[in-house]
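Mind looking over this structure? Questions follow.
Chain A is the first sequence line, chain B the second, and so forth, proteins listed ahead of strands; every chain is numbered from 1.
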Number of protein chains: 2
Amino acid sequence: MTHDASSALLTDRYELTMLQGALQSGAADRRCVFEMFARRLPENRGYGVVAGTDRFLEALQRFRFDTAALDYLADTGGFDDATLQWLADYRFTGDIWGYGEGECYFPGSPILAVEGTFAESVLLETVALSVYNHDSAIASAASRMALAAGDRPIIEMGSRRTHEMSAVAAARASYLTGFATTSNLEAGRRYGIPTAGTSAHSFVLVHDTEQGAFEAQLRALGEGTTLLVDTFDVEEAVHTAVELGGPGLGGVRVDSGDLGRTAYRVRRQLDALGAPDTRVIVTGDLDEHAIQALAVAPVDGYGVGTALVTGSGSPTASLVYKLVARSAHGGGEELVPVAKRSVGKPSKGGRKWASRRTDENGVATAEFVHEKPPQDEPRLRPLQQRLVSGGEVVGREPIGQARERHARSIAELPETVRRMHRAEPVIPTLFEQPAQV
Amino acid sequence: MTHDASSALLTDRYELTMLQGALQSGAADRRCVFEMFARRLPENRGYGVVAGTDRFLEALQRFRFDTAALDYLADTGGFDDATLQWLADYRFTGDIWGYGEGECYFPGSPILAVEGTFAESVLLETVALSVYNHDSAIASAASRMALAAGDRPIIEMGSRRTHEMSAVAAARASYLTGFATTSNLEAGRRYGIPTAGTSAHSFVLVHDTEQGAFEAQLRALGEGTTLLVDTFDVEEAVHTAVELGGPGLGGVRVDSGDLGRTAYRVRRQLDALGAPDTRVIVTGDLDEHAIQALAVAPVDGYGVGTALVTGSGSPTASLVYKLVARSAHGGGEELVPVAKRSVGKPSKGGRKWASRRTDENGVATAEFVHEKPPQDEPRLRPLQQRLVSGGEVVGREPIGQARERHARSIAELPETVRRMHRAEPVIPTLFEQPAQV
């Protein structure tokens, strides 16, 4: 998979028609601030997780209208020469501030602020939202699963249930929230995420007997492998597995039935067979609630697929990208807050900064949204960092940093963060002053 | 966006570990049939729509382990030289049969049958499922929206709510079910789908006045354009729009509030202002139910975003890829049906063929699943066609053909296909004989 293709057409047509209109009216050059935020969290969620930052910055580096893109736009019609020429020369030259990847967010958190001319900033709307909405939806669901699993590792194995490229991004988003491994090889290659997986039911079925399949797998992958034991009869399969693999057998996997009851039965059987170190791995339609329900069962690891890649009921983070300020008539540097007044879709005008307030024990108490950059203050942690400076991408980082940031961010939130059912935002979002518009 | 990158690592690791085991045990060369099907439809759905066929065939053409892939696999560890060498030489040499793209399907419909050796067929599991599960989920939701909309056009505009590459595939999947246009430029370039879109609230807000914004848009895009009228006050905006655009104004768009009531109000206002031909376009959290509820309102077109790209509550089609038959011990051409017996996840062994039975009026009455290729019979339409023959892809087709096939397939189903609430499969799936396993 190449990384160097242009990302410029991952864009809604209306961004280019607006560009054309703004070039003619003169609004194209107005200084603007676009802000990305969520009006609310998905139902029953206590927090969201920012993800997609590094992928967005990477897409921004590829956001150039190359010949193929320009030829298409010329052919499709509706764009004048001035617009096409402007696109040919396009480079984002502004500044972007954003929450660090892996940071938790709340309703109204200004997780991205894009500052530049109207023309250069409006073009990034779709690609920014696509990346953040997908990755943040997955990470927000994954983080809850990782919390529910505690110290037990989770394998991400949902590639087959989502678009083939979403699968790669989903593996990345889940890894940064604490998942141990992914089944997805491209995610392994592209992001260095450890990969895992041993065999499916088809491997048992293609052999004449289950025993033959287990022998083949042990020979090829070693005794540390995990054997899939629910193709026919779990008890028989576990017996065969230990007989062939010995006490050093790595694990057995159960993918169907009542996973809790089966885990207890299999654990007892393994212990009785002298294989107390053989792990019990469960998979099969798990989500954060099922993982939580299995917390007391003798389970050593989980595999999560469908629920992960579909955001466990919330497949999009519903982030929006809104113009919140622009320079006044006649230009100049001063920015005027703006906001639409559409029914049921409020937004607050003005460039915003955010910081997280903590109490004397280091526990977060509020998300503060300020109208100016926050002062240096104890117990007030600034949340935005510079991602792009004068058009230059300065905020890329290895995924390990996002993973560490997420762990720190979760550790700072109140205990209610572990609530899986009927959760509400675990800290309030406080706006420093009433909105001006 | 390039199309030529290898797709071989869009694969779960366990397919390669199974390959290694099967190469050692000798099972790798067994003749196999893998079948793709859905155990059930999403709740409250009367039918599913096959989509992804052409994208899967395109991915199959790129499914080669190139140097980058092989280097990664060697580095990551766990694979022996024989396996890596086998992968370096990999080409699928078997046969693939499948439902035509756009065809409707039902529980148990064998929408894809992959025939080849175990080794060459098991490797396609993830990429096939990823493509079909995503595209079919979107097409299945889109088809219902298109039915609910009737003759009124729908613009697909969900790119921002899903992964940037899913967005391109979603535009394609919705177009083949009858959507008129997409906002996504890459879908326009790649698949020739007509694109649409004019302006967002930010375009109004970046100008000093709404009037200034409307003037700019009319100047740049002509009087046939659609003006967004809900940034501040709908009534005032409609007045300004007609004042500036005249009776030839293409349309006005409303994106918030009670769309039905607002559509009535705006229609009356437009008529009173002498603009009876100006269209009323509504957008904003529409799904098939909301579209159906607006059927009697004076609406001329819909824009659908979030609900489309998230499959309207069912973001994956839950298709599975199962080994259903393999050659017997000692080789030979005869295939033996196989099936696992995992609790709650039944599958029926054996290669299957399918056809749709119609009554004397041409209305579908059943999905027939046969154990042999169906005989030529009146009122029995074979559903599988050859997609790959001896490794050669023979089934690619322009998207227009899938679009036509879908329209025919829908027209053939009973009237209950239009049921949006609490639907059940509109025809039964009948298996010619009891399953053998």
So which part of A/L16 gets closer than 4.5 Å to some heavy atom of chain B, the side chain, the backbone, both or neither?
side chain
Is it the backbone or the side chain of A/L205 that comes under 4.5 Å from a heavy atom of chain B, or both, or neither?
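For A/L205, backbone and side chain are both near chain B.
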A/I138 versus chain B, the contacting section by heavy-atom distance below 4.5 Å:
neither
Using heavy-atom distances under 4.5 Å, tell me whether A/Q217 contacts chain B through its side chain, its backbone, both, or neither.
neither
Where on B/T306 is there a heavy atom nearer than 4.5 Å to chain A: the side chain, the backbone, both, or neither?
side chain
Examine whether an atom of A/A59 lies under 4.5 Å from a heavy atom of chain B, and if so say whether it belongs to the side chain, the backbone or both; otherwise answer neither.
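Neither part; nothing is under 4.5 Å.
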Taking A/R161's backbone N and O only, do any of them form a donor-acceptor pair with B/T316's side chain (distance below 3.5 Å, no angle check)?
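Confirmed, B/T316 side chain pairs with A/R161 backbone.
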Honestly, the part of B/F232 sitting under 4.5 Å from a heavy atom of chain A is both
Can you tell me which portion of A/V206 sits under 4.5 Å from chain B's heavy atoms? Options are side chain, backbone, both or neither.
both
Please look at B/R326 and chain A and tell me whether the side chain, the backbone, both or neither of the residue comes under 4.5 angstrom of a heavy atom of that chain.
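Only the side chain of B/R326 comes within 4.5 Å of chain A.
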Contacting moiety of A/F34, where chain B heavy atoms sit under 4.5 Å:
side chain
Does any backbone or side-chain atom of A/E215 lie under 4.5 Å from a heavy atom of chain B? Answer side chain, backbone, both or neither.
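A/E215 has no heavy atom closer than 4.5 Å to chain B.
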Take A/S25 and B/R219 through the test side-chain contact (heavy atoms from CB on, under 4.5 Å) and record every step on the way to the result.
CA-CA 9 Å; A/S25 74; B/R219 197 160 53 234; 3.9 Å; yes
Which distance, rounded to the nearest 0.5 Å, do you find between the CD of B/Q20 and the OG1 of A/T198?
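Result: 12.5 Å between the selected atoms.
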Going from OH on B/Y14 to CG on A/L185, what distance comes out if it is rounded to the nearest 0.5 angstrom?
12.0 Å
Let me know if A/D71 has heavy atoms under 4.5 Å from chain B in its side chain, its backbone, both or neither.
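Neither part.
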A/V122, part contacting chain B, at a heavy-atom distance under 4.5 Å
side chain
Structural part of B/T162 lying under 4.5 Å from a heavy atom of chain A
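Only the backbone of B/T162 comes within 4.5 Å of chain A.
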Is A/H207 in contact with chain B via its backbone, its side chain, both, or neither, using a 4.5 Å heavy-atom distance?
both
For the atom pair CZ (B/F118) and OG (A/S202), what is the distance rounded to the nearest 0.5 Å?
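OG of A/S202 is found 4.0 Å from CZ of B/F118.
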